[in-house]
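Quick one: structure below, then a few questions.
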Amino acid sequence: MVSAVFHSPLEGAPSTKNEPPSGAVAAPAAMAAVPRPAPPPLVQAKRGWDLRFLWTSVLPPVLGLVFLVTVWAVVAGTGESGIPTPLETWKQALEVFADPFYQVGPNDQGVGWNVLMSLQRVAIGFGLAAAVGIPAGFAIGRFEFLSRMFNPLISLLRPVSPLAWLPIGLLVFKGANPAAIWTIFICSIWPMIINTAVGVQRVPQDYMNVARVLNLSEWKIFTKILFPAVLPYLLTGVRLAVGTAWLVIVAAEMLTGGVGIGFWIWDEWNNLNVASIIIAIFVIGIVGLVLEFGLIKLATLFTFEEVKS
């Protein structure tokens with residue numbers, strides 16, 4: 001028989017009886033005499049400046065910019081290079097960005113319109129390349145016959161400089177604007193084809209065996225197996241293609257003319273306005289950085305940890 005022990009709220013108080021009740025187990029006197037320790041007071045940690053974050057994330061890029069400006073000032077200070085100083089370029093930048101969307105004529109527009117026109121060409125050429133390159137990459141990676149058929153062609157055409165395709169575009173399309181879009185298309189399509197095909201080929205064979213056992217259709221295989229597994233590689237190819245397209249459009253617009261950031265650089269060179277050329281270089285770098293950052297953030301939403309790095 002097991003006897004239960006009931007503790008009264010007045011357990012610590014002295015008892016008036018000399019003997020404990022029958023069936024109860026009396027606690028030792030030494031344990032009853034020891035008081036329970038009070039809980040330690042809660043101390044809130046003081047939050048100060050995270051010096052490690054400043055040292056690892058803020059200080060290095062600041063020092064890099066300081067180094068760039070210092071070298072620039074030293075080279076410009078010689079007086080023989082013809083390069084304007086950082087202060088002169090800053091004053092010119094204030095004038096340029098005071099009204100970036102002015103429009104006097106077809107060839108005299110602000111830097112804002114030129115950047116927007118270049119982005120429009122990049123968007124059209126890149127969109128066409130994605131519409132062709134991504135399905136082609138899935139087909140080449142999925143079917144071995146197509147892979148053996150197109151791999152030699154891709155290996156032959158991919159190393160060709162994108163500007164080498166510009167005369168072909170001028171010959172076929174009879175216009176500078178479609179020729180520039182064609183150049184962006186031909187330079188953007190290869191990273192998307194290659195990365196998508198590699199992603200399809202790296203899908204585990206066990207997945208395909210399960211799909212074969214379940215007798216899934218080709219559409220089900222694409223939507224349920226291939227696309228989720230290939231998405232990280234696809235987004236990597238898209239990011240590389242956008243960066244390449246933004247690099248190529250500047251050179252293409254220098255050769256074709258019209259409105260665009262590349263033509264703006266060439267026009268400022270004809271006017272011997274070197275400060276505006278340096279401003280355009282910074283604008284190209286900032287726009288490319290924004291595009292890269294946006295695509296990286298988009299890729300991290302759909303990719304695995306090894307791809308995020």
Side-chain angles (χ1 to χ4, degrees), residues 61-125 161-171 173-184 187 242-292:
V62 171
L63 291 179
L65 292 176
V66 171
F67 176 77
L68 174 63
V69 174
T70 302
V71 174
W72 179 8
V74 170
V75 174
T78 58
E80 299 178 357
S81 61
I83 298 178
T85 62
L87 182 59
E88 295 173 353
T89 306
W90 175 255
K91 293 179 180 179
Q92 180 68 21
L94 294 179
E95 297 180 3
V96 169
F97 291 104
D99 188 10
F101 292 100
Y102 77 89
Q103 189 172 9
V104 178
N107 294 328
D108 188 8
Q109 300 183 16
V111 64
W113 292 117
N114 289 279
V115 171
L116 290 179
M117 181 57 67
S118 298
L119 288 175
Q120 180 182 356
R121 294 191 179 104
V122 168
I124 296 174
S161 173
L163 293 181
W165 296 99
L166 184 60
I168 304 298
L170 292 172
L171 178 64
F173 298 104
K174 311 297 182 182
N177 190 53
I181 295 174
W182 153 257
T183 306
I184 294 175
C187 77
V242 168
T244 304
W246 183 244
L247 290 174
V248 171
I249 188 58
V250 177
E253 289 174 346
M254 284 184 178
L255 298 177
T256 57
V259 181
I261 190 65
F263 172 75
W264 192 67
I265 293 176
W266 191 252
D267 187 58
E268 295 299 325
W269 167 250
N270 292 329
N271 296 329
L272 298 179
N273 194 350
V274 184
S276 295
I277 296 176
I278 297 177
I279 294 170
I281 291 174
F282 279 101
V283 170
I284 293 170
I286 292 173
V287 173
L289 183 63
V290 171
L291 292 175
E292 182 81 6

Closest non-hydrogen atoms of Ala252 and Leu163, given as atom of the first, atom of the second and distance, are N-CD2, 4.0 Å
Interatomic distance, OG1@Thr70 vs CG@Leu65, rounded to 0.5 Å, equals 10.5 Å
When rounded to the nearest 0.5 Å, the distance separating OG of Ser118 from CH2 of Trp246 is 5.0 Å
Margin query: A side-chain contact here means heavy atoms from C-beta on lying under 4.5 Å apart; do Ile277 and Asn273 qualify?
Written below: no
### Query
Between Val250 and Ile261, is any pair of side-chain heavy atoms under 4.5 Å apart?
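Answer yes - side chains close enough.
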Between Ile83 and Ile278, is there a side-chain heavy-atom distance shorter than 4.5 Å?
yes
Between the CD1 atom in Ile286 and the CG atom in Leu291, the distance rounded to the nearest 0.5 Å is 12.0 Å
Between Cys187 and Ala245, the two heavy atoms sitting closest are SG-CA, 4.1 Å
Rounded to the nearest 0.5 Å, the CG atom of Leu255 sits from the CH2 atom of Trp266 at a distance of 8.5 Å
Rounded distance [0.5 Å steps], OG in Ser276 versus CH2 in Trp264:
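One gets 4.5 Å once the value is rounded to the nearest 0.5 Å.
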For Asn177 and Arg121, the nearest pair of non-hydrogen atoms, with its separation, is OD1-NE, 2.6 Å
By salt bridge (charged side-chain N to carboxylate O under 4.0 Å, His left out), Glu292 pairs with (sequence neighbours left out) Arg239
Between Pro167 and Ala164 the two heavy atoms that sit nearest each other are CD-O, 3.4 Å
side-chain hydrogen bond (donor to acceptor under 3.5 Å, both in side chains) with Gln109: which residues, sequence neighbours excluded?
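Testing Gln109 for side-chain hydrogen bond (donor to acceptor under 3.5 Å, both in side chains), a comparison that skips the adjacent residues, returns none.
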- Side chains of Phe67 and Val71: does their closest heavy-atom pair fall under 4.5 Å? yes
> Do the non-hydrogen side-chain atoms of Glu268 and Ile279 ever get within less than 4.5 Å of each other?
Replying inline: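 Heavy-atom side-chain distance check fails, nothing below 4.5 Å.
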Side chains of Trp72 and Thr89: does their closest heavy-atom pair fall under 4.5 Å?
yes
- Task: Check Tyr102, Phe97, Phe101 against Val111 for a side chain to side chain contact (heavy atoms under 4.5 Å, CB included) and give me the one that passes.
- Result: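 Going through the options one by one, the only one that passes is Phe97.
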On a heavy-atom basis, the closest approach of Ala179 and Leu170 is CB-CD2, 3.5 Å
query: Heavy-atom count around Trp113 CH2 within 6.0 Å, excluding the residue itself: above 12?
result: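 Result for CH2/Trp113: open.
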Any non-hydrogen side-chain atom of Ile181 less than 4.5 Å from a side-chain atom of Phe173?
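Result no, sub-4.5 Å side-chain heavy-atom pair not found.
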I would like to know whether Ile284 and Ile265 meet side-chain contact (heavy atoms from CB on, under 4.5 Å); could you show each step before the answer? CA-CA 11 Å; Ile284 293 170; Ile265 293 176; 3.5 Å; yes
So CG of Leu166 and CG of Leu171: to nearest 0.5 Å the spacing works out to 11.5 Å
